[in-house]
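Below is one structure; the comments refer to it alone.
Excluded from the calculations below are hydrogen atoms, water molecules and symmetry mates; all remaining heavy atoms, backbone and side chain alike, are included. Computed from a predicted structure; not experimentally measured. Chain A is the first sequence line, chain B the second, and so forth, proteins listed ahead of strands; every chain is numbered from 1.
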Amino acid sequence: MRLSQYFAPTLREDPPERDIPSLRLLLKGGYIRRIAAGVYTFLPLGFAVYKKVENIVREEMNRAGGIEILMPALNPAELWEESERWHTFGPELFKLKDRTGRDFCLAPTHEEVSVELVRWAVKSYRQLPLLIYHIQTKFRDEPRPRGGLIRAKEFVMKDLYSFDRDEKGLDVSFEKMRLAYERILKRLRLPYLVLEAEAGPIGGKYTLEFTVPTPSGEDEVVLCRSCGYASSRSIAQRGDVDVDEGEEVPLGKVHTPGLTTVQEVTSFLSVSPSRIVKTLLYMADGKPIAALVRGDRELSEGKLALFVGAKALQMADEETIRRLTGAPMGFSGPVNLKEKVFIVVDKEVVKMRGVVTGANEEDFHFVGVVPGRDFPISLVADIALVNSGDPCPKCGSTLEIIRGIEVGHIFKLGTEYSEKMGAYFQDEDGSLKPFVMGCYGLGVSRLVSASAEVHHDEDGLCWPPSVAPFDLIIILVNAQDKQQREIAEGIYSQLSSIMSVLYDDREESPGVKFKDADLIGIPLQVVVGRKVKEGLVEIRVRKTRESKDVALEEIEEKALSLWEKIRAE
RNA sequence: CGGGGCGUGGCUCAGAGGUCCAGAGCGCCUGGUUCGGGACCAGGAGGUCGGAGGUUCAAAUCCUCUCGCCCCGACCA
């Protein structure tokens, strides 16, 4: 491709969004263009990278036994009513009506459509397992789009749905997908972590999250460098900590006028925040629960929901708090609650003696509270959010918190959707059974961003060969120079037959061409400049900056050998 | 949805009631020079200052409302 006839509108100045390197470089390099918050056009270069990523994903899905289809983005409401997600998915679901007033949504995921398809087409265990997938545009009305392609309102996802006879079959399908995901990420040259995570609105019993570690990622990951334990922070566990157990003293009440925050109370009583216990009230599937964590910690709602088996966990509102405690917000405690409340105590708190809690009375706190003595314990669990420095639950060494981009998430769904939507097959023994499902999402457009995030330097992008928009760029230094032009043209036609080549034949000054080449980040660069007089051109590797003068007649051989070399890295 | 910030030629921004108030640099067009790291000279095109309303003799500039975008948080495959 001749750059003079291509469409790669690079920017000279940095776009204002400079916080996330991948977004800045994709915009500056003419890869993508924003048309609204979280909505992007892929320009030719970006689309080229996208297609390469998509193709790797497709190849690995097919290799793992997936069968490609294409489901519609526009979904009728009735299907979503069947799964109940028309109401439970929340405001992220884009809803719309057709001209007759019939309700539709723009699908954010395709469990419903795939179940509808399979319950129609698959009647016998003989047809199982079935793994169907598509690569398609998804819509989510994100409250806050961010990072360009990283969190968009419209994005492309590969989603595969597995249908099996039983749990054992599901395990096999799940494992196939796990391996396929690892192969994909390796081919993309992306470092990744496989995390245990929470399921979110998709549901399911067991999930793994594939996360690319990068400082600008928006997900927090708890990581143990010594044993490799890795988990999404929202549900990460922590080992046992030595706590200051305190002494068993009698319960007392103190006047704490207007002091509602941990900080206010602890400084007023001159105690450390680790000696106060926060009582957080929640409604779990309509039932009240109290969660107790140390004052210097945060509660993990994910873990709490997991331990109490709650589907919908919501912080109690002001009114509910008054009803349960008889006091306004800020004075809640586990002692003398007005109603029967399920009390979940963090494993650290249960060891503590003589702590401070709210007194369930306006302007009062209790001191000397002892769990078990002064209030009943319904459940002891690890419900506090992990902080960096906490001990690893597996090996006890120190946990770290890093950031990452979640690029894939795979779920063992079980029979939830099949049962809700009436999707049954006949098993060998003649009985009707619900399909046992799994679903496996991979953010294709997000992978483009993640790749840019990992593969760049201060001058621009440095694509790995597997996703680069072109293999090699020819830089014609002086387009006015007849000899340079002829030689560049020759190399262009010669190399084009063995690799994909972008030829910068523009009448631009050398500086512009070099800057653009580095910015765009094509792996190999061939510079046709003044050394042609000596029969030499220069070939260089974008990423490492290594550079060699090569005789004209050797350029093809050299380009190929360098290509093989960087491809193997 | 809370908090903060920003909307002025294609891009990055300056201008904070009037008279150099519609500007600069980059980009773009014409002509010429140049050609190994975002060249130079000359000429030129291009904006109802996000929108609506208001204050004023006078509004990019002050006020109100509104829309959009960015960042932090809440939320979230």
Just to verify, which of A:Asp14, A:Asp459, A:Asp516, A:Asp518 counts as forming a salt bridge (Lys or Arg N to Asp or Glu O under 4.0 Å) with A:Lys28?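 In the set A:Asp14, A:Asp459, A:Asp516, A:Asp518, the residue that makes a salt bridge (Lys or Arg N to Asp or Glu O under 4.0 Å) with A:Lys28 is A:Asp14.
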Output field: ring centroids A:Tyr161/A:Tyr440 closer than 6.0 Å: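 No.
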For the ring pair A:Phe470 and A:Trp463, is the centre-to-centre distance below 6.0 Å?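 No: the rings miss the under 6.0 Å criterion.
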Can you tell me how far [atom2] of [N] sits from [atom1] of [X], to the nearest Å?
X: A:Arg144; N: B:G73; atom1: CZ; atom2: P; answer: 7 Å
X: A:Asp141; N: B:C76; atom1: CG; atom2: C1'; answer: 12 Å
X: A:Leu27; N: B:C11; atom1: CG; atom2: P; answer: 12 Å
X: A:Arg233; N: B:C75; atom1: CZ; atom2: P; answer: 12 Å

So A:Phe210 and A:Tyr192, would you call those rings parallel, tilted or perpendicular, with 30° and 60° as cut-offs?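 Tilted: the ring planes of A:Phe210 and A:Tyr192 meet at 30° to 60°.
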Is there a Watson-Crick or G-U wobble partner for [N] with both distances under 3.5 Å, and if so, which one is it?
N: B:A59; value: none
N: B:G43; value: B:C29
N: B:G68; value: B:C6
N: B:A14; value: none
N: B:G73; value: B:C1
N: B:A22; value: none

Is there a donor-acceptor pair under 3.5 Å between the side chain of [X] and the backbone N or O of [Y]?
X: A:Arg233; Y: A:Val386; result: yes
X: A:Lys278; Y: A:Ser332; result: no
X: A:Asp549; Y: A:Leu536; result: no

Does a side chain donor of either A:Asn62 or A:Tyr133 reach within less than 3.5 Å of an acceptor in the other side chain?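 A donor-acceptor contact under 3.5 Å links the two side chains.
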By nearest heavy atom, map A:Leu442 and A:Ile35 onto RNA chain B; which one lands nearer the 5' end?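 Mapping each residue to its closest nucleotide by heavy atoms, the 5'-most match is A:Ile35.
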Which residue lies more 5' along RNA chain B, comparing A:Ala37 with A:Gly441 via nearest heavy atoms: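 Going by which nucleotide is closer to the 5' end, it is A:Ala37.
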By the 4.0 Å heavy-atom rule, please label A:Arg146 as base, sugar-phosphate, or nothing.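 It contacts base atoms.
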Under 4.0 Å, heavy atoms only, any strand: does A:Phe210 hit a base, just the sugar-phosphate, or nothing?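 It contacts nothing in the nucleic acid.
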When you measure from the centre of the six-membered ring of A:Phe155, is the NZ or CZ of A:Lys138 under 6.0 Å away and within 45° of the axis?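 No, A:Lys138 and A:Phe155 do not form such a contact.
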Is the glycosidic torsion of B:A45 within 90° of 0, making it syn, or is it anti?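 The base of B:A45 is oriented anti (glycosidic angle more than 90° from 0).
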Syn/anti state of B:C21 by chi, 90° boundary around 0: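 Chi for B:C21 falls in the syn range.
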Listed partners of A:Tyr229 passing side-chain hydrogen bond (donor to acceptor under 3.5 Å, both in side chains), at least two apart: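 So A:Tyr229 forms no side-chain hydrogen bond (donor to acceptor under 3.5 Å, both in side chains) with any residue.
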Identify the pairs formed between an N or O of the protein and an N or O of nucleotides 7-9 of chain B at a distance under 3.5 Å, and give each distance.
none

Letter per nucleotide, 5' to 3', of nucleotides 35-41 of chain B [B base touched, S only sugar-phosphate touched, - untouched; heavy atoms, 4.0 Å]: BBBBS--
